Amino acid sequence: MKRAWVVGAYGVNGGNHMNYHIARVCKEIFNLETLSVGLNTSIYKENNIFNHKRDFEEVSLKDFLEGHEESDILISNPSFSDYLLGYRARCKKIMYVQHYNTYRRLDLKFDHYVSVSAFVKQYLSTVYSLDSNVISAFTERPKTVTSFDHKKNSLLVYSKNRQARLNYFNNSQKKFLNIDEVDYLKGGINRDEYLEMIDRYKYLLTLSIDEGFGLVSLEAMRRGLIIFGFDGYGGRDYMTRGYNCMISTYPDWESVVKSINHTTAKQSMCESISDNALITAKAYNRSNFEKAWAKILRQYI
């Protein structure tokens with residue numbers, strides 16, 4: 001029986017979360033025996049932040065290398081490029097490239113490359129002369145969304161644990177804001193709790209300057225938040241300044257501050273942007289993700 005081996009279907013990052021759902025497609029749509037190859041932090045843990053169940057047997061890299069067959073299929077992220085799985089695995093191999101800087105040199109011996117955004121696709125083409133499909137990350141449909149006028153009139157800051165930029169914001173930029181309350185989004189918390197928390201806010205400031213896609217911003221837009229800060233490059237697929245966000249390009253900090261002060265002073269403008277953010281984010285859903293991946297996988301199954 002053909003098997004699917006997904007590297008890092010479990011773990012703490014958004015990339016692991018997408019891999020988990022690719023594994024689901026392999027198992028539920030194609031009825032493949034599906035296994036997760038656990039590497040580094042990409043292993044199953046009880047009480048994990050995504051509430052993933054142990055739906056797939058987890059095996060070691062050694063188990064995969066010794067146990068896979070030519071008829072199988074391997075799906076991996078580029079962050080595991082140093083393991084040279086493209087060279088070592090005998091089966092068909094698909095790489096889901098969810099970022100452009102999580103690896104030193106890309107493993108170039110995979111059979112198929114899928115990019116998470118147009119920016120990543122362009123990067124692969126420019127640097128490695130690779131062609132790739134684009135399959136965007138997705139966000140789940142919320143159980144409820146707090147209406148914009150009932151949200152907390154505060155700015156929620158997302159720094160992606162980049163302390164230098166957070167310090168610069170706090171020490172040099174925060175004082176120029178015409179907004180009374182600023183809170184901070186902390187990582188490592190349960191996904192459901194985190195999503196419920198961001199839903200309470202009107203505004204999100206993202207200080208992350210390099211994103212393959214930018215799932216946090218999309219999840220906030222799916223709850224009607226107005227996004228300020230930097231587009232991270234990958235976010236340009238779904239962010240349109242003045243329509244569904246008020247994003248800026250790095251390193252234009254002056255634009256960030258001006259955008260926050262100008263926009264938050266005009267609540268009718270805010271409501272329009274919030275509505276458009278919701279509409280945009282709805283298109284990035286699990287159903288479209290699964291259909292796109294099924295189309296790719298069908299070529300190798």
Side-chain angles (χ1 to χ4, degrees), residues 12-15 41 49 79 98-104 116-117 119-120 122-123 137 151-189 191 193-195 197-266 269-270 273-274 277 281:
V12 299
N13 299 314
T41 60
I49 64 173
S79 55
Q98 298 189 55
H99 215 315
Y100 54 88
N101 67 3
T102 54
Y103 43 92
R104 290 181 292 181
V116 73
S117 65
F119 186 86
V120 171
Q122 180 183 17
Y123 179 86
K151 290 180 181 291
K152 191 176 182 180
N153 191 37
S154 303
L155 184 70
L156 184 63
V157 179
Y158 170 62
S159 65
K160 202 175 183 177
N161 298 320
R162 300 296 189 267
Q163 195 62 42
R165 284 192 294 277
L166 181 59
N167 290 343
Y168 181 75
F169 167 74
N170 285 333
N171 297 330
S172 303
Q173 302 296 309
K174 185 178 176 181
K175 61 188 175 184
F176 298 116
L177 296 179
N178 296 331
I179 192 165
D180 294 333
E181 189 172 350
V182 176
D183 294 332
Y184 297 86
L185 179 60
K186 296 181 179 179
I189 63 175
R191 201 67 168 176
E193 294 176 13
Y194 142 75
L195 293 173
M197 181 179 68
I198 64 174
D199 178 60
R200 297 197 292 267
Y201 287 81
K202 287 186 175 182
Y203 317 111
L204 178 79
L205 170 61
T206 171
L207 301 180
S208 179
I209 64 172
D210 47 3
E211 295 281 356
F213 182 76
L215 188 58
V216 170
S217 294
L218 181 71
E219 288 170 333
M221 289 172 63
R222 186 63 182 86
R223 288 152 182 83
L225 277 75
I226 299 175
I227 311 299
F228 299 101
F230 305 116
D231 58 28
Y233 304 109
R236 294 173 185 178
D237 278 14
Y238 57 90
M239 294 181 182
T240 303
R241 178 180 170 86
Y243 171 70
N244 59 19
C245 67
M246 288 302 295
I247 212 72
S248 303
T249 55
Y250 185 78
D252 193 351
W253 286 93
E254 184 177 89
S255 170
V256 172
V257 173
K258 285 183 177 179
S259 296
I260 294 172
N261 291 340
H262 174 76
T263 307
T264 56
K266 299 182 177 181
M269 178 182 178
C270 287
I273 293 175
S274 173

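Values reported hereafter were calculated over all heavy atoms of this structure, with side chains retained and with hydrogens, waters and symmetry mates removed. Only a predicted model underlies this, so the values are computations on that prediction, with no experimental measurement involved.
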**Item:** Identified side-chain contact (heavy atoms from CB on, under 4.5 Å) partner of V216 from the options T206, I198, L185, I227
**Value:** L185

**Message:** Surrounding CG of D180 (heavy atoms of other residues, nucleotides or ligands, distance under 6.0 Å), is the total greater than 12?
**Reply:** no

**Prompt:** Does the side chain of E193 come within less than 4.5 Å of M197's, by heavy atoms?
**Reply:** no

**Item:** Which atom of T263 lies closest to which atom of C270, heavy atoms considered
**Value:** O-SG, 3.1 Å

**Message:** Students often mix this up, so state it plainly: with edges at 30° and 60°, are the rings of Y250 and F230 parallel, tilted or perpendicular?
**Reply:** perpendicular

**Request:** Please check if the side chain of H99 supplies one atom and the backbone of D210 the other of a donor-acceptor pair under 3.5 Å.
**Result:** yes

**Prompt:** Quick one: does I49's side chain get under 4.5 Å of I189's, heavy atoms only?
**Reply:** no

**Complete:** CG of N161 to OG of S159, rounded to nearest 0.5 Å, is 5.5 Å

**Message:** Looking at D231 and R236, would you say the former's side chain and the latter's main chain have a donor-acceptor pair under 3.5 Å?
**Reply:** no

**CZ-CD distance between R165 and Q173, expressed to the nearest 0.5 angstrom** = 13.5 Å

**Residue that, paired with L207, satisfies side-chain contact (heavy atoms from CB on, under 4.5 Å) out of Y158, W253, Y168** = W253

**Item:** N/O donor-acceptor pair under 3.5 Å between N244 side chain and A281 backbone
**Value:** no

**Prompt:** Can you tell if the side chain of D183 reaches within under 4.5 Å of the side chain of L155, non-hydrogen atoms only?
**Reply:** no

**Message:** On a heavy-atom basis, which atom in E211 and which in S208 lie closest, and how many Å separate them?
**Reply:** OE2-OG, 2.6 Å

**Complete:** Tightest non-hydrogen contact, residues S248 and R241, listed as OG-NH1, 3.7 Å

**Item:** For V157 against F169, the heavy-atom pair lying closest together
**Value:** CG2-CE2, 3.9 Å

**Asked** In Å and rounded to the nearest 0.5 Å, what is the CG to CZ distance from D199 to R222?
**Response** 10.5 Å

**Request:** Check whether the side chains of Y203 and N153 place a donor and an acceptor atom closer than 3.5 Å, and report yes or no.
**Result:** yes

**Request:** Kindly give the heavy-atom pair with the smallest separation between Y201 and K151, and that separation in Å.
**Result:** O-CD, 2.9 Å

**Request:** Please report the closest heavy-atom contact between T264 and F228, naming both atoms and the distance.
**Result:** CG2-CZ, 4.4 Å

**Item:** Contact check, side chains of Y100 and Y233, non-hydrogen atoms, under 4.5 Å
**Value:** yes

**Prompt:** Atom OG in S255, atom CD1 in I247: separation rounded to 0.5 Å?
**Reply:** 9.5 Å

**Prompt:** Between SG of C245 and CG of L218, what distance do you get to the nearest 0.5 Å?
**Reply:** 11.5 Å

**Message:** Within the 4.5 Å heavy-atom criterion, are Q98 and N13 side-chain neighbours or not?
**Reply:** no

**Request:** Please round to the nearest 0.5 Å and tell me the distance separating atom CG of L204 and atom OG of S154.
**Result:** 12.5 Å

**Message:** Please report whether the ring centroid of Y238 lies less than 6.0 Å from that of F213.
**Reply:** yes

